[in-house]
2 protein chains.
Amino acid sequence: MASNVPTMKEIAKRLGVSVTTVSRALQNHPRIGLRTREQVHALVQQMGYVPNSTAIYLKKKCTFNIGVVLPFLTEQFFSLAISGIEDTTTPLGYSVLVVQSRNNFERERAAITSLIKHGVDGIIVSVASETQTYLHLDEAQKHGVPVVLFDRVIKRAPNSCVYSDIMVGAYEAIEFLIANGWSRIALLNGPNTLQATEERLNGYVKALQEHRIPVNIHYIKSVNLLREDTIRKTNELLNLPEPPQAILAFHDYVALDAMQVCKERGLHINKDICFVSFSNLSFCAYLDHPPIASIEQFPYEMGQKAAQILMAAIADPDTATRQEVVIKSKLIQRLE
Amino acid sequence: MASNVPTMKEIAKRLGVSVTTVSRALQNHPRIGLRTREQVHALVQQMGYVPNSTAIYLKKKCTFNIGVVLPFLTEQFFSLAISGIEDTTTPLGYSVLVVQSRNNFERERAAITSLIKHGVDGIIVSVASETQTYLHLDEAQKHGVPVVLFDRVIKRAPNSCVYSDIMVGAYEAIEFLIANGWSRIALLNGPNTLQATEERLNGYVKALQEHRIPVNIHYIKSVNLLREDTIRKTNELLNLPEPPQAILAFHDYVALDAMQVCKERGLHINKDICFVSFSNLSFCAYLDHPPIASIEQFPYEMGQKAAQILMAAIADPDTATRQEVVIKSKLIQRLE
DNA sequence: CTGTTAGCGCTTTCAA
DNA sequence: TTGAAAGCGCTAACAG
């Protein structure tokens, strides 16, 4: 911020009125003379006066800033969520502070601490894959900063959260594969720390069981979301005496890496082996052989919803109760 | 922010000292008794006191927030730049306010106004494709908020800026294509409002001329960066009596859309027609037929550099002079 | 309709 | 080594 920026005091002095009057004129307070109001506005215009928000924040005890903590901005899923958040908060005068955790718990904790210090009015977080506790979230609540979780949520946490019906998504995906004649279906799942991993597994198992297909434990792999691990686990699957015909992947990035492994081993995608994955990122459209189906999770809408809940909690801290919103996912088929 | 959060006053009262003392203890001021300091720190710990940053900001006349305005977070180029910015500002205690302009000038202007109102200490911007003036940037400078431009810069603007040597990049790309035997090379360029568009054109023309290849005006198209326009312009190129053998695209997204058009028309990528494009986004690695070469522009490093310049300008507003930093690009070849 | 006054939570002279 | 007091820029009773 600046050095010699005009303040209300100067405006008041120049106009020979009190700062109160200026303040009121600026807020279009009813009890103010039309003349005065116009004069003030004119001078404000002329001097290029911009109210000092820090002062207002100090008074009003809010900053109109909210924080967002998520694993990676570079994942389109999250940047779309940010857009959803931005679009619902900006019209209300809020700005968004973004911090990336890079799936690292310590970074996440530090990010939240830093956001509290910066005085945000609320925080939206999608937890890191490493995160196993929600104590760092309590820290925020303790300072009166509401926290809303989205996508990567901790359901036993006391915070409001919004996520997609992953279990159903996984279930439908497996049903789809079965309906198309595959029965040897593997699951390239995420880290076991994530709730979302468990749900994918549940959906997977449920669908298989309902169709009386035995669950093969060797078909279930957990990857840490790093490329190398995906490659390793995919190779393990392909090395099986009876390798899978289809793979449900944790998300598109996992699917892409796995597909590359397959290609390198001479397999033809969607012929020798086919994929279904979560996310439905836009660049899949550019692949010659995209996953045969994707589970669209509507990250933009999730961001919107999370932001709405947060806005409500900020506006009315007392009446706001814990909410749990499920965004319906949708299976997008790409049969060739 | 909260209601009943502990303040320095309470700490002082509980300890029977003055707020001054607490303040000094917290800052580890030299002139303070060891005993007192320890007592204060203990109580702070116990009460979970967090300094009210708004108050500090008001006093210190800075917020330790910086704003970043860019077209789209969903473009990996920009999210990588954000990471670069975050990584250089966070260690210094700064947080990043991100706003997307969506290539819309009005949104960009509004974003900057909003950031000034929110009291950021500085702003980094990559201008919208629509933007043709830098008056909205002057607005910030007028309020003592330094502005640094990156990538999509306005070079005649009075602000510091960092960008890549696009002309050289385009030049090398064309040389590479010529060296590999192509001479009918088209340019799917960006909007004419962008400096970057002009530079790509210059590099393109220069390389052709140096190799005594006549510049064919029908091979030069300007797209507005929306998918539909890319499709239209690509079709125009392919409909030419002598269609190009190679295309230099404004960036990967343009290349991808253009490549799809080619595929739909039965052309084989990198055989019937090949592509070179700016950006080198990571997902190109997943394509069966990626652009035959990409011009890596190092967005992370650009973000870092822009942030460094901004940090310096904030730290020392008087001595800081306008800087213009060029990040060398690099041609990544993917000959099959 | 307008001004006076107090105060948000903190830092920082100036005195003791 | 500590404290009292002023003040950052603004808002909001309360009083005219």
Side-chain angles (χ1 to χ4, degrees), chain A residues 1-41 43-44 47-64 93 116-119 121 143-145, chain B residues 1-41 43-44 47-64 93 116-119 121 143-145:
Chain A
M1 256 138 68
S3 26
N4 49 358
V5 288
T7 73
M8 276 178 45
K9 202 155 88 183
E10 291 175 46
I11 303 206
K13 193 157 58 180
R14 286 226 219 171
L15 249 42
V17 297
S18 74
V19 277
T20 317
T21 306
V22 178
S23 171
R24 283 204 271 254
L26 255 21
Q27 300 174 70
N28 290 317
H29 190 103
R31 293 190 317 191
I32 189 95
L34 185 61
R35 268 290 299 280
T36 329
R37 195 212 316 262
E38 277 172 357
Q39 283 184 325
V40 170
H41 278 115
L43 193 53
V44 157
M47 296 176 68
Y49 165 81
V50 170
N52 179 327
S53 32
T54 15
I56 300 177
Y57 298 159
L58 178 58
K59 221 33 236 180
K60 299 257 189 92
K61 293 179 177 298
C62 70
T63 62
F64 287 101
I116 297 172
K117 281 212 192 110
H118 269 79
D121 297 339
H143 289 280
V145 181
Chain B
M1 257 138 65
S3 26
N4 49 358
V5 288
T7 72
M8 277 179 45
K9 201 154 86 181
E10 292 175 44
I11 303 207
K13 192 157 59 182
R14 285 228 218 170
L15 250 40
V17 297
S18 73
V19 279
T20 318
T21 306
V22 178
S23 171
R24 282 205 272 251
L26 256 20
Q27 301 174 73
N28 291 318
H29 191 102
R31 292 190 318 192
I32 189 96
L34 184 61
R35 268 290 298 281
T36 328
R37 190 203 330 248
E38 278 171 357
Q39 284 183 325
V40 170
H41 276 115
L43 193 55
V44 157
M47 298 179 65
Y49 165 82
V50 169
N52 178 326
S53 33
T54 14
I56 300 177
Y57 298 159
L58 178 57
K59 221 37 229 188
K60 300 256 189 92
K61 293 177 178 298
C62 68
T63 63
F64 287 103
I116 297 172
K117 279 210 193 111
H118 269 79
D121 297 338
H143 288 280
V145 181

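The shown structure was predicted, so the numbers you read here are calculated from the model rather than taken from an experiment. Residue numbering restarts at 1 for every chain, and letters A, B, ... go by the order of the sequence lines.
When rounded to the nearest whole Å, the span between CE of M47(A) and C1' of dG9(D) equals 14 Å. Regarding H29(A), its NE2 atom lies at a distance of 10 Å from the P atom of dA12(D), rounded to whole Å. Computed from coordinates, the R37(A) CZ to dT2(C) C1' distance equals 14 Å when rounded to whole Å. Protein atom CG of N52(B) is 13 Å distant from nucleotide atom C1' of dC8(D), rounded to whole Å. Between the P atom of dA4(D) and the NZ atom of K13(B) lies a distance of 14 Å, rounded to the nearest Å. Between I116(A) atom CD1 and dG9(C) atom C1' there is a gap of 18 Å when expressed in whole angstrom units. With rounding to whole Å, N28(A) atom CG is found 15 Å from dT11(D) atom C1'. Atom NZ in K9(A) sits about 14 Å away from atom P in dT4(C), given to the nearest Å.
Between the axis at the start and the axis at the end of the helix from dC1(C)-dG16(D) to dA16(C)-dT1(D) there is an angle of 40°, using five pairs per end and rounding to 10 degrees.
Considering CD1 of I56(A) and NE2 of H118(B), their distance stands at 10.5 Å, rounded to 0.5 Å.
The T36(A) side chain lies nearest to dT2(C) when the options are dT11(D), dT2(D), dT2(C). Checking dT13(C), dA6(D), dG9(D) against the side-chain heavy atoms of T7(A) singles out dG9(D) as nearest. Each of dG9(C), dC14(C), dC10(C) was ranked by its minimum atom distance to the side chain of L58(B); first place goes to dG9(C). Here dA12(D) is the nucleotide among dT13(C), dA12(D), dG9(C) with the atom lying nearest to any side-chain atom of Q27(A).
Side chains of S18(A) and T21(A): a donor on one and an acceptor on the other come within 3.5 Å.
Within the 4.0 Å cut-off from OP1 or OP2 of dC10(D), at least one side-chain nitrogen or oxygen of Y49(A) is found. Contact check, T21(B) against dG3(D): a side-chain N or O comes under 4.0 Å of OP1 or OP2. Taking side-chain N and O atoms only, S23(B) has a distance below 4.0 Å to OP1 or OP2 of dT11(C). The shortest distance between the side-chain N/O atoms of K61(A) and the OP1/OP2 oxygens of dG9(C) is below 4.0 Å. Between K59(B) and dG9(D) there is no side-chain N or O to OP1 or OP2 distance below 4.0 Å. Considering only side-chain N and O atoms, S18(B) lies nowhere under 4.0 angstrom from the phosphate OP1 or OP2 of dT2(D).
Among the heavy atoms of the strands lying under 4.0 Å from T20(B) is at least one base atom, whether or not backbone atoms are also near.
For I32(A) and V19(A), each mapped to the nucleotide of DNA chain C holding its nearest heavy atom, the one lying further toward the 5' end belongs to I32(A). Mapping M8(A) and R24(A) onto DNA chain D by nearest heavy atom places M8(A) closer to the 5' end of the strand.
Looking at heavy atoms from C-beta onward, K9(B) lies out of side-chain contact with K13(B) at the 4.5 angstrom threshold. Between R24(B) and R37(B), every side-chain heavy-atom pair lies at or beyond the 4.5 Å cut-off. Side-chain contact between T63(A) and T54(A): absent, with no pair of heavy atoms (C-beta onward) separated by less than 4.5 Å. Residues H41(A) and N28(A) are in side-chain contact: their nearest non-hydrogen atoms beyond the backbone lie under 4.5 Å apart. Side chains of Y49(A) and L26(A) form a contact here, defined as non-hydrogen atoms less than 4.5 Å apart.
Within 6.0 Å of the CZ atom in R14(A), the count of heavy atoms belonging to other residues, nucleotides or ligands does not exceed 12.
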